Amino acid sequence: MNQSSKPFKLTIFKTPQKPPSTTTTTFSRQPPLDLTTITNLILKAENQDSLTQTLHSISEWTPHLVQTILKRIWNHGPKALLFFDALDMNHHSYRHSAAAFDHAIDIAARLQDYKATWTLVSKMRSRKLGPTPKTFAIITERYVSAGKADKAVKIFLSMHEHGCQQDLHSFNTLLDILCKSKRAEMAYKLFKIFRGRFRADVISYNIIANGFCLKKQTPRAMEVMRELVDRGLEPTLTTYNILLKGFFRSGQIKEGWEFFMEMKKRKIEIDVVSYTTLVHGFGIAGEVEKSRKVFDEMIGAGVLPSVATYNALIQILCKKDCVENALLVFDEMLKKGYVPNATTYNVVIRGLCHAEKLDTAIEYMDKMRQDCEPVIQTFNVVIRYCCDGGEIEKALEVFEKMNGGENCLPNLDTYNILIGAMFVRKNADDLLTAGKLLVEMVDRGFLPRKFTFNRVLNGLMLTGNQGFAKEILRVQSKCGRLPRNFRL
DNA sequence: GTAGGGTTAG
């Protein structure tokens, strides 16, 4: 194609062919913008103007590019929304997709900015992009995790007013959201009210049973299952696997094993999920040998382990045996042609950190990039163990990388871990760093606990930094995290 | 984003 315009093009996305610029030579041109560069430009933009300028430096915005960027700056909510709005207003050739709206709605709702959330919903509707059942799943999930489950149910029941009909799908989704946030009882009540109207199916029952299992209420889950059978519905393999996991989760190892034998007796086709549940369940209970035995036996039974099965075994070897044996299994899985995923690496890295092999852990973090990208959990584990081992500089180094080249921004946990570590050495510099981290996290839409604010504040005062303490107080009052009756 | 197995400490 047109080679001369290549330096201007994004390598990953299509751009229209532009005539080469007459004012610059090929040699002095900027290198092509890659995703990391674009993302960093957006993150660095101080105001709407510089953001707009950045947006114009990209010749063609595509829905795919926008979604990728929103995903990457997820943990910088306010900036992500600014980017979404700026693009919406300034680019005539680009129109936000339904998926981009869903992303933005998710971010706004996570920031508990419900006004912005619903403005986006109506904008979405006026452009005939939705809201879709997925949009409502996102919104209700955010309300539930903000502790507003009642409101979430009301929103579900008013879906049709937004041009989105409720059905069995969306009903099951709501039940699942409630159950996953440990509100099985509420989900069950709702289920009993509406099961006739939505024609609840075996999936609805499975969701409720799993909800009780998550609360370690296996007997309640069994009741729900009896109800399912009484209503003439047929349990599925998923049903059995939910109950199997339920027994192990609630520490009923013997009952779990008996249930598994019963599954065999009833000629239920036991699958890789059932076996993985056993491998993990026995291991967590400290029965590592049993765990290994199940692992070996499943192959004999004609069921091949999955990456998740390997992850389970590797994890329990790290926890209950030793990391060296876990690494043997890790090598074995590679030899057999499995591709480890982020969970595999996270488990191994955590195991190495726990065994105080921090440098090897960091080596594995680099090795990880051959198969997948490190995720937030990877960084948090390494940072946590660096801090615990007193290597605070190393922790800060990893943290800095996250804000630079890495495609993974710090989250609430990252900030909490690091701020906590800034009190260990009890010096003024660390306290100042803690203060800066606190300001930065608020800037990125995370809400620190009152405890964190007060701790940093006290630390700054004790180390004689009244000036920065005042700044913290300002931020604290902006967040509504000041103690009762407190006045600036 | 209608359900089940691996990452979250001890």
Side-chain angles (χ1 to χ4, degrees), chain A residues 99 102 106 132-142 166-180 187 191 198-211 213-214 221 224-225 228 235-246 248-249 263 270-281 283-284 291 294-295 298 303 305-320 326 329-330 333 338 340-351 353-354 368 372 374-382 384-385 387-388 411-413 416-417:
Chain A
D102 282 345
D106 193 16
T132 65
K134 186 183 167 184
T135 316
F136 277 95
I138 290 166
I139 296 173
T140 46
E141 215 263 19
R142 291 300 175 190
Q166 300 104 320
D167 56 8
L168 179 57
H169 267 241
S170 50
F171 180 56
N172 282 343
T173 305
L174 175 69
L175 293 180
D176 197 41
I177 288 167
L178 291 170
C179 284
K180 298 262 164 71
F191 166 81
F198 293 115
R199 298 177 173 278
D201 60 358
V202 62
I203 294 177
S204 325
Y205 280 93
N206 286 347
I207 289 166
I208 300 290
N210 189 45
C213 286
L214 288 172
V224 174
M225 283 311 146
L228 165 122
T236 61
L237 178 56
T238 301
T239 313
Y240 287 99
N241 284 338
I242 286 168
L243 293 172
L244 184 65
K245 176 76 193 176
F248 280 98
R249 188 184 278 119
M263 284 169 73
I270 290 155
D271 70 353
V272 60
V273 176
S274 329
Y275 281 110
T276 305
T277 305
L278 290 183
V279 169
H280 188 250
I284 291 299
S291 200
V294 172
F295 189 90
M298 65 186 285
V303 182
S306 64
V307 173
T309 320
Y310 272 101
N311 293 349
L313 185 61
I314 290 170
Q315 189 208 157
I316 73 110
L317 289 174
C318 285
K319 278 191 172 168
K320 308 285 180 178
V329 176
F330 180 80
M333 89 181 262
Y338 286 88
N341 59 22
T343 305
T344 323
Y345 281 101
N346 289 344
V347 167
V348 168
I349 289 168
R350 180 170 289 113
C353 285
H354 195 75
M368 179 173 186
C372 54
V375 293
I376 186 70
Q377 290 91 336
T378 323
F379 290 102
N380 287 351
V381 166
V382 173
R384 166 168 280 137
Y385 279 94
C387 290
D388 286 355
N411 69 3
L412 182 63
D413 288 338
N416 281 333
I417 296 163

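Here is how names work: the chains are called A, B, and so on, in the same order as the sequence lines, proteins then strands, and each is numbered from 1. Since the model is a prediction, treat every value here as computed from it, not as a measurement. Heavy atoms only: backbone and side chains are in, while hydrogens, waters and symmetry mates are out.
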Which whole-number value in Å describes the distance from [X] [atom1] to [N] [atom2]?
X	N	atom1	atom2	answer
A:Asn206	B:dG1	CG	P	20 Å
A:Arg249	B:dG6	CZ	C1'	13 Å
A:Arg350	B:dT8	CZ	P	3 Å
A:Leu412	B:dT8	CG	P	18 Å
A:Asn341	B:dG5	CG	C1'	12 Å
A:Asn411	B:dT7	CG	P	18 Å
A:Asp176	B:dT2	CG	P	10 Å
A:Leu278	B:dG6	CG	C1'	14 Å

Where along residues 167-175 of chain A does a heavy atom come under 4.0 Å from DNA chain B, residue by residue in number order?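 Those residues whose heavy atoms fall under 4.0 Å from DNA chain B, taken from residues 167-175 of chain A in numerical order, are A:His169, A:Asn172, A:Thr173.
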
Select base, sugar-phosphate, or nothing to describe what [X] touches, counting heavy atoms under 4.0 Å on all strands.
X	value
A:Val272	base
A:Thr309	base
A:Thr236	base
A:Asp271	base
A:Ile242	sugar-phosphate

Examine [N]: is either OP1 or OP2 under 4.0 Å from a nitrogen or oxygen in the side chain of [X]? Give yes or no.
X	N	answer
A:His280	B:dG5	no
A:Lys319	B:dA9	yes
A:Lys134	B:dT2	no
A:Gln315	B:dG6	no

I want to verify a distance call: between [options], whose nearest atom is closest to the [X] side chain?
X	options	answer
A:Ile138	B:dG6, B:dT7, B:dG1	B:dG1
A:Thr277	B:dA3, B:dG5, B:dT7	B:dG5
A:Ala137	B:dG5, B:dT2, B:dG1	B:dG1
A:His354	B:dA9, B:dG1, B:dT7	B:dA9
A:Ile207	B:dA9, B:dT7, B:dA3	B:dA3
A:Lys180	B:dA3, B:dG1, B:dG6	B:dA3

From A:Ile208 atom CD1 to A:Cys213 atom SG, the distance as rounded to the nearest 0.5 Å: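 Reported value, rounded in 0.5 Å steps: 11.5 Å.
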
Distance check, rounded to the nearest 0.5 Å: A:Leu168 atom CG versus A:Leu175 atom CG? 9.0 Å

Output all residues satisfying salt bridge (Lys or Arg N to Asp or Glu O under 4.0 Å) with A:Asp102, sequence neighbours left out; order by chain, then residue number.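 Partners of A:Asp102 by the salt bridge (Lys or Arg N to Asp or Glu O under 4.0 Å) criterion come out as none, since no residue qualifies.
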
So, using side-chain hydrogen bond (donor to acceptor under 3.5 Å, both in side chains) as the criterion, who are the partners of [X] when residues are at least two apart?
X	answer
A:Lys320	none
A:His169	none
A:Ser291	none

Taking the six-membered ring where the residue is Trp, are the ring centres of A:Phe295 and A:Tyr275 under 6.0 Å apart?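 Not under 6.0 Å, so no.
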
Is A:Ser306 side chain donor-acceptor paired with the B:dG6 base, going by distance under 3.5 Å alone? no

I'd like to check A:Asn206 versus A:Asn210 (side-chain heavy atoms, cut-off strictly below 4.5 Å). Are they in contact? no

Syn or anti: how is B:dG5 classified when any glycosidic angle within 90° of 0 counts as syn? anti

Apply side chain to side chain contact (heavy atoms under 4.5 Å, CB included) to A:Leu412 and list each qualifying residue two or more places apart in sequence or on a separate chain. A:Asn416, A:Met441, A:Phe446

